[in-house]
Participant: 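Sharing a structure below in structure tokens format, with a few things to ask.
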Amino acid sequence: MVREILIWPDPILKQKAQPVAKVDDKVRALIKDMFETMYAAEGVGLAAPQVGILQRIIVLDTRPQQPESKPLAMINPQFVSLEGETTYTEGCLSIPGEAEDVDRAAVATVRYLDEEGQEQTLRCDGLLAIAVQHETDHLDGTVFVDHVSTLKREFIRKRMKKLKASREQGAPASA
């Protein structure tokens, strides 16, 4: 089921997500919905808070730019190490139409539970490293515009409020 993606500055997106206590069919159903939602929105990553669920779950699929990668669901992800530096122009499904340069680690090693509740560790580079850091930020109530200047963030906030208002009225959004 495709779920509605919250638009920033929705207050839920500023909250910290709670760890998943047990990986069960309910969690797997949410993951399935998250993948469907992410693909419908043509994204490469989605965090549970973006669909209004304050649980530490992210889904990722960077195959459009990293064909060797595979779709991943990460439950309770934690960074083991962050190495190097890179700057990437990031966008976000909760901040449609906006993109800004964000400084991130070039390589991220993350420990997480998979859909079967098994602990995994994965070393990520390229877009996958960026995406896992971006989505994990969502679990801590951070969005990519929190990494840019206050002035840029305020311009984007105004555009998102306008977009949100136009969506609520059912009118097409204009920039």
Participant: Can you confirm whether more than 12 heavy atoms, excluding those of Glu68, are under 6.0 Å from its CD atom?
Facilitator: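 Yes, the 6.0 Å shell around CD holds more than 12 heavy atoms from other groups.
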
Participant: Report yes or no: do Leu113 and Val59 belong to one cluster of Ile/Leu/Val/Met/Phe/Trp/Tyr joined by side chain heavy-atom distances under 4.5 Å?
Facilitator: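 Hydrophobic grouping puts Leu113 with Val59.
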
Participant: So, for Ala17 and Pro49, which heavy atoms are closest and what is the spacing to 0.1 Å?
Facilitator: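 Where Ala17 meets Pro49 most closely, the heavy atoms are CB-CG, 4.1 Å.
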
Participant: Are Arg63 and Asp61 within salt-bridge range, i.e. N to O under 4.0 Å?
Facilitator: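 Looking at Asp61 together with Arg63, the answer is yes, because their closest N to O distance falls below 4.0 Å.
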
Participant: Looking only at heavy atoms, what is the nearest atom pair of Ala48 and Met34, with distance?
Facilitator: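 Looks like N-CE, 3.3 Å.
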
Participant: From Thr142 OG1 over to His147 NE2, what is the distance, rounded to the nearest 0.5 angstrom?
Facilitator: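 Answer rounded to 0.5 Å: 6.0 Å.
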
Participant: Give a yes or no on whether a salt bridge exists between Lys32 and Glu36, defined as a side-chain N under 4.0 angstrom from a carboxylate O.
Facilitator: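 Yes, charged N to carboxylate O under 4.0 Å.
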
Participant: Side chains of Glu116 and Val23, heavy atoms from C-beta outward: is any pair under 4.5 Å?
Facilitator: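 No, every pair of side-chain atoms sits at 4.5 Å or beyond.
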
Participant: To the nearest 0.5 angstrom, please state how far the CZ atom of Arg157 sits from the OG1 atom of Thr150.
Facilitator: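 Here the rounded value is 9.5 Å.
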
Participant: Tell me whether Tyr88 is reachable from Val102 by hopping between hydrophobic residues (I, L, V, M, F, W, Y) whose side-chain heavy atoms are closer than 4.5 Å.
Facilitator: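 No, Val102 and Tyr88 fall in different hydrophobic clusters.
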
Participant: Is the closest side-chain heavy-atom distance between Leu151 and Glu154 below 4.5 Å?
Facilitator: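 SC-SC contact between Leu151 and Glu154 ruled out.
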
Participant: Which value, rounded to the nearest 0.5 Å, describes the distance between Ile130 atom CD1 and Thr62 atom OG1?
Facilitator: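 So the gap between those two atoms works out to 11.0 Å.
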
Participant: From Leu139 CG over to Gln18 CD, what is the distance, rounded to the nearest 0.5 angstrom?
Facilitator: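 Taking CG in Leu139 and CD in Gln18, the distance rounds to 11.0 Å.
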
Participant: For Val44 and Gln65, run side chain to side chain contact (heavy atoms under 4.5 Å, CB included): C-alpha distance rounded to whole Å, both residues' side-chain angles, the deciding distance at 0.1 Å, then the answer.
Facilitator: CA-CA 9 Å; Val44 297; Gln65 292 182 37; 5.6 Å; no

Participant: Is the backbone of Val145 close enough, under 3.5 Å, to the side chain of Arg153 for a donor and an acceptor to pair up by distance?
Facilitator: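 Checking the backbone N and O of Val145 against the side chain of Arg153, a donor-acceptor pair under 3.5 Å is found.
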
Participant: Can you find a pair of side-chain heavy atoms, one from Asp33 and one from Val51, that are under 4.5 Å apart?
Facilitator: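 A side-chain contact under 4.5 Å is absent here.
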
Participant: Can you name the nearest heavy-atom pair linking Ile7 to Pro96, along with the distance?
Facilitator: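 Of all heavy-atom pairs spanning Ile7 and Pro96, the closest is CD1-CD, 3.7 Å.
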
Participant: Strictly distance-based, threshold 3.5 Å: is any side-chain N or O of Asn76 a donor or acceptor partner for the main-chain N or O of Pro19?
Facilitator: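 Flag not set: sc Asn76 to bb Pro19 has no pair under 3.5 Å.
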
Participant: Short question: side chain of Ser94, backbone of Gln50 - any donor-acceptor pair under 3.5 Å?
Facilitator: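 Not confirmed, Ser94 side chain does not pair with Gln50 backbone.
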
Participant: For residues 117-127, tabulate all N or O donor-acceptor pairs below 3.5 Å that involve a side-chain atom, not counting sequence neighbours.
Facilitator:
{"residue": "Gln120", "atom": "NE2", "partner": "Asp114", "partner atom": "OD2", "Å": "3.0"}
{"residue": "Arg123", "atom": "NH1", "partner": "Glu83", "partner atom": "OE2", "Å": "2.8"}

Participant: Is there a chain of hydrophobic side chains (I, L, V, M, F, W, Y, each step under 4.5 Å between heavy atoms) that links Leu60 to Ile31?
Facilitator: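 No, no single cluster joins them.
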
Participant: Which heavy-atom pair separates Ala47 from Ile58 by the least distance, and what is that distance?
Facilitator: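 For Ala47 versus Ile58, the nearest heavy atoms are CB-CG2, 3.9 Å.
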
Participant: Not counting sequence neighbours, which residues clear salt bridge (charged side-chain N to carboxylate O under 4.0 Å, His left out) with Lys161? List them please.
Facilitator: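 Salt bridge (charged side-chain N to carboxylate O under 4.0 Å, His left out) check on Lys161 returns nothing, list empty.
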
Participant: With rounding to the nearest 0.5 Å, note down the distance linking CG in Leu46 to NE2 in His134.
Facilitator: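 It comes to 9.0 Å.
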
Participant: Can Leu13 be reached from Leu54 by stepping across I, L, V, M, F, W or Y side chains whose heavy atoms are under 4.5 Å apart?
Facilitator: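 Yes, it is one cluster - the side chains of Leu54 and Leu13 are joined through contacts under 4.5 Å.
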
Participant: For Val148, is there any backbone N or O sitting under 3.5 Å from a side-chain donor or acceptor partner on Glu100?
Facilitator: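 Judged by distance alone, no pair lies under 3.5 Å.
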
Participant: Start with the C-alpha distance between Met74 and Glu135, add both sets of side-chain angles, then the distance that settles side chain to side chain contact (heavy atoms under 4.5 Å, CB included), and finish with yes or no.
Facilitator: CA-CA 10 Å; Met74 294 184 174; Glu135 300 309 331; over 6 Å; no

Participant: Phe35 vs Tyr39 aromatic rings, parallel, tilted or perpendicular, using cut-offs 30° and 60°?
Facilitator: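 It falls in the parallel class, under 30°.
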
Participant: About how many Å separate CD1 of Ile95 and CE of Met160, when rounded to the nearest 0.5 Å?
Facilitator: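 Spacing of CE (Met160) from CD1 (Ile95) equals 7.0 Å.
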
Participant: For residues Leu6 and Ile57: do they belong to one hydrophobic cluster (side chain heavy atoms under 4.5 Å, members Ile, Leu, Val, Met, Phe, Trp, Tyr)?
Facilitator: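 No; tracing contacts between hydrophobic side chains, which count when under 4.5 Å, never links both residues.
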
Participant: For a side chain to side chain contact (heavy atoms under 4.5 Å, CB included) check, start with the C-alpha distance between Arg56 and Asp140, then their side-chain angles and the critical distance, and finish with the verdict.
Facilitator: CA-CA 9 Å; Arg56 297 188 73 79; Asp140 295 323; 3.1 Å; yes

Participant: How far apart are the closest heavy atoms of Gly45 and Met38, and which atoms are they?
Facilitator: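 What the structure gives for the nearest pair is N-SD, 3.3 Å.
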
Participant: Testing the basics here: between Arg104 and Phe144, what is the closest heavy-atom pair and its distance to 0.1 Å?
Facilitator: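 Closest approach of Arg104 to Phe144, heavy atoms only: NH2-CB, 4.4 Å.
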
Participant: Taking it one step at a time, do Gln133 and Asp137 satisfy side chain to side chain contact (heavy atoms under 4.5 Å, CB included)?
Facilitator: CA-CA 6 Å; Gln133 291 171 80; Asp137 269 0; 5.8 Å; no

Participant: Identify whether the distance between the nearest side-chain nitrogen and carboxylate oxygen of Asp146 and Lys14 falls below 4.0 Å.
Facilitator: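 A salt bridge links Asp146 with Lys14.
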
Participant: Considering only heavy atoms from C-beta outward, does the side chain of Leu72 approach that of Leu128 to under 4.5 Å?
Facilitator: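 Side chain of Leu72 against side chain of Leu128, heavy atoms only: contact under 4.5 Å found.
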
